[in-house]
There are 2 protein chains.
Amino acid sequence: MSKKKNKVVTIYDIANELNYSPSTISRALKNHKSIGKDTTKQIQETAKKLGYRPNSLAASLRNNRSNNIGILIARINRPFISSLISGVENSARAAGYNVLISQSDDNYKNEVANAKALYDSRVCGIVASLSMETKNADHFKQFLEQDIPVVFVDRVPSDLNSYRVIIDNYSAGYKATEHLIQQGCTRIAHFAGAQHLNIYKLRKNGYIDALKAHGITPDKELLIYMNTMSFEEGQEATSKLLNMKKPPDAIFSSNDTAAVSAIMQAKKQGVKIPEELAVIGFNDDPIASIVEPALSSISHPAMKMGELSTKRILEHADKKIEQGVSEITVLDTEVIVRASSLRKK
Amino acid sequence: MSKKKNKVVTIYDIANELNYSPSTISRALKNHKSIGKDTTKQIQETAKKLGYRPNSLAASLRNNRSNNIGILIARINRPFISSLISGVENSARAAGYNVLISQSDDNYKNEVANAKALYDSRVCGIVASLSMETKNADHFKQFLEQDIPVVFVDRVPSDLNSYRVIIDNYSAGYKATEHLIQQGCTRIAHFAGAQHLNIYKLRKNGYIDALKAHGITPDKELLIYMNTMSFEEGQEATSKLLNMKKPPDAIFSSNDTAAVSAIMQAKKQGVKIPEELAVIGFNDDPIASIVEPALSSISHPAMKMGELSTKRILEHADKKIEQGVSEITVLDTEVIVRASSLRKK
DNA sequence: ATAATTTACGCAACCGATTGCCTTTATTTT
DNA sequence: AAAATAAAGGCAATCGGTTGCGTAAATTAT
């Protein structure tokens, strides 16, 4: 019936053990130069021996900043997002930081509330990808005012100066469209997402410019604006397109969900893919490789984007802060060609 | 050039403003009964007026417990897990808690390190699903010793008494197998996962008992033990099975990834699904509805499991703690019948 | 050998909220 | 009306590190 004391070891315990002051312990544990080499070593060894584990809450309170990185995204259970989070988590943890997550469910109010909550928990930085509804990014200013780095990823605001980790959506849209053109398609439809989100706008612009560059006049009827780019929206749009007098011979969808639904709908209507309808999506979600024929897509380096975001945050402290810093990291995308768009073998 | 003070408001500021002591402010803000009704109201209004936002770090330090719920899982970017996290996040945030995530990459050492990190950040509870490698759950004892609730989800340890939120894997395995039998299958193969994880063991047991209950003698050759149940493992196993002199007429896979790979491999070999080979998976991942023919599967209420886990943690504080409490929540699963196993129409 | 530095460490305030205990005033009991 | 109880708040310690400033001893410079 030995009852363990189970007392938590603090720097005061180490101080008592070695007859040093708590401040010396504190400094020694962080290898502060003003503490002697031998002393430092002795203290660190004793700390380990006693099983000392720092109380990060105390340090955070004192410093008014935690070791937590906040993530603010729309929905966790999306392939791209969960990979992004995974990247943030990996690199953050490797550096001794924790990761706090929050999702807005694509709701603006939730996003504002979550931003506040993360702010209140004194995160030392935040990685954010905007909700569908967000048109105003003022709720991030509180961070910037306190010099807490904000890294926007993927869905970034256009009116706020901060770090950004993005892909070149314009060029990706261009490349996707050009790929279809190279496969011999001429009537290329586009599933465009909500245009207040620059990622969708840019993809669309790339699409339009690619058409023009190849002497194809964009046809308004082939440009479908969608709301959430859901499976259902994709199905409906596809059905409409295929029933036109002059149906398209290709679709470039701004996401894979709608692209997959297009493939399935087309097949249902007896339209051959890619012969009669070539399809390319965006994101390279797992479903892209499973659908039949396999969906061509644009691959996002999601995990890497997460890692780079963390890096920006961790670096921030080291940097001299210039007014209105806004470092933009642009990553490459890749056209993943699969059967759904491969007409020429 | 008006420079905002931007000072953070504390209870001391409210105290000064109203000439009360900080303790009264603190109590009033939590509706402590020993503070007068009017006073409380006045203080709360002033707090709002001044834009007071509590410093949770200070409270956490004092209470030696944060408002953070920790999540410890193997990999974030898996459909089941990301939905689980989503469920935890939703309900936690609704209750004013934050969620800290950590992933082990299915590595035992990482899991131990993450547990330590979460412990050190004074989480008020933890939701955990074990890594593939974990055979020993001692790293969770530190939480229990401090009366920090641990809720194991899905992949739960067998040797530690704590909360559990699980599905009835045995019965799910039984149901899946029985479904195949009802479709007229008699040589049913099973893709079993690593047997030290009880979820896989139980699914396998359900499979075996269902066979026996229907007068079918389990054939060892049809029971394939896998390591990670990856796409590749599934492909290989399927290929092997189909090349047997007496190949199976059905496969019950313990996850969807391997099940989908089985479908694709079978098609590649010209085997008709479900006529010559019926397939059912487990988890009901998004890919299940996309593969052709669509994959039957067992659906997990992932998000709900997350919500219930949070609930357990939040309730914990209210409960009188009895020695070795171990409350188990078992959720229903559902057989989702799709084309891949539907032989009788 | 004495002054000027440097090295090594301690003191004590601080971060912001919480809470056991005590005091004062108001209300109730007998 | 005196005594007992309840109601409303305040005092001060506490949680565990962190850090500006100060000091004594050791080292270097002159």
Rounded to whole Å, how long is the line connecting atom [atom1] of [X] with atom [atom2] of [N]?
X        : N      : atom1 : atom2 : answer
B/Ile14  : D/dG9  : CD1   : C1'   : 16 Å
B/Asp120 : D/dG17 : CG    : C1'   : 14 Å
B/Ile35  : C/dT24 : CD1   : P     : 17 Å
A/His32  : D/dG17 : NE2   : P     : 17 Å
A/Lys41  : C/dA8  : NZ    : C1'   : 18 Å
A/Ile43  : D/dG17 : CD1   : P     : 13 Å

Self-check item: Residue list, side chain to side chain donor-acceptor pair (under 3.5 Å) with A/Lys141, at least two apart or on another chain
Solution: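 Side chain to side chain donor-acceptor pair (under 3.5 Å) check on A/Lys141 returns A/Asp138.
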Output one line per pair: protein atom, nucleotide atom from nucleotides 4-7 of chain C, and distance, for all N/O pairs under 3.5 Å.
none

Under the salt bridge (charged side-chain N to carboxylate O under 4.0 Å, His left out) test, residues paired with [X] that sit two or more places apart:
X        : answer
A/Lys304 : none
A/Glu17  : A/Lys49
B/Arg53  : A/Asp120
A/Arg75  : A/Asp105, A/Asp106

Check nucleotides 25-27 of chain D for protein N or O atoms closer than 3.5 Å to its own N or O atoms and list the pairs.
none

Exercise. Would you mind reading off the bend of the helix from C/dT5-D/dA26 to C/dT30-D/dA1 from its two end axes, five pairs each, to 10 degrees?
Key: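 About 50°, once rounded to a multiple of 10°.
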When rounded to the nearest 0.5 angstrom, what distance separates [atom1] in [X] from [atom2] in [Y]?
X        : Y        : atom1 : atom2 : result
A/Arg93  : B/Ser102 : CZ    : OG    : 5.0 Å
B/Arg122 : B/Asn63  : CZ    : CG    : 12.5 Å
B/Glu89  : A/Asn77  : CD    : CG    : 11.0 Å

Quiz prompt | For B/Tyr108, all residues meeting ring-ring contact (aromatic ring centres under 6.0 Å, His included), sequence neighbours excluded | solution =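 Applying ring-ring contact (aromatic ring centres under 6.0 Å, His included) to B/Tyr108 gives B/His139.
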Quiz prompt | Qualifying residues under ring-ring contact (aromatic ring centres under 6.0 Å, His included), relative to A/Phe143, sequence neighbours excluded | solution =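 A/Phe143: ring-ring contact (aromatic ring centres under 6.0 Å, His included) contacts with A/Tyr119.
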Self-check item: Nucleic acid footprint by protein, nucleotides 13-19 of chain C - heavy-atom cut-off 4.0 Å, B for base, S for sugar-phosphate alone
Solution: BBBBBBB
Self-check item: Side-chain N or O of B/Thr39 closer than 4.0 Å to phosphate OP1/OP2 of D/dG9
Solution: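 Indeed, a polar side-chain atom of B/Thr39 lies that close.
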Exercise. Give a yes or no on whether a salt bridge exists between B/Glu315 and B/Arg312, defined as a side-chain N under 4.0 angstrom from a carboxylate O.
Key: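 Yes.
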Exercise. Would you classify B/Asn19 as touching base, sugar-phosphate or nothing, given that sugar-phosphate means primed atoms plus P, OP1 and OP2, and contacts are heavy atoms under 4.0 Å?
Key: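 Sugar-phosphate contact only.
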Exercise. Would you mind reporting whether A/Val150 and A/Leu160 have side-chain heavy atoms less than 4.5 Å apart?
Key: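 A/Leu160 vs A/Val150: side chains apart.
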Practice problem: Sort and list the pairs that fulfil salt bridge (charged side-chain N to carboxylate O under 4.0 Å, His left out) and have at least one residue in residues 56-68 of chain B, not counting sequence neighbours. | Solution: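 Salt bridge (charged side-chain N to carboxylate O under 4.0 Å, His left out) check on residues 56-68 of chain B returns no pairs.
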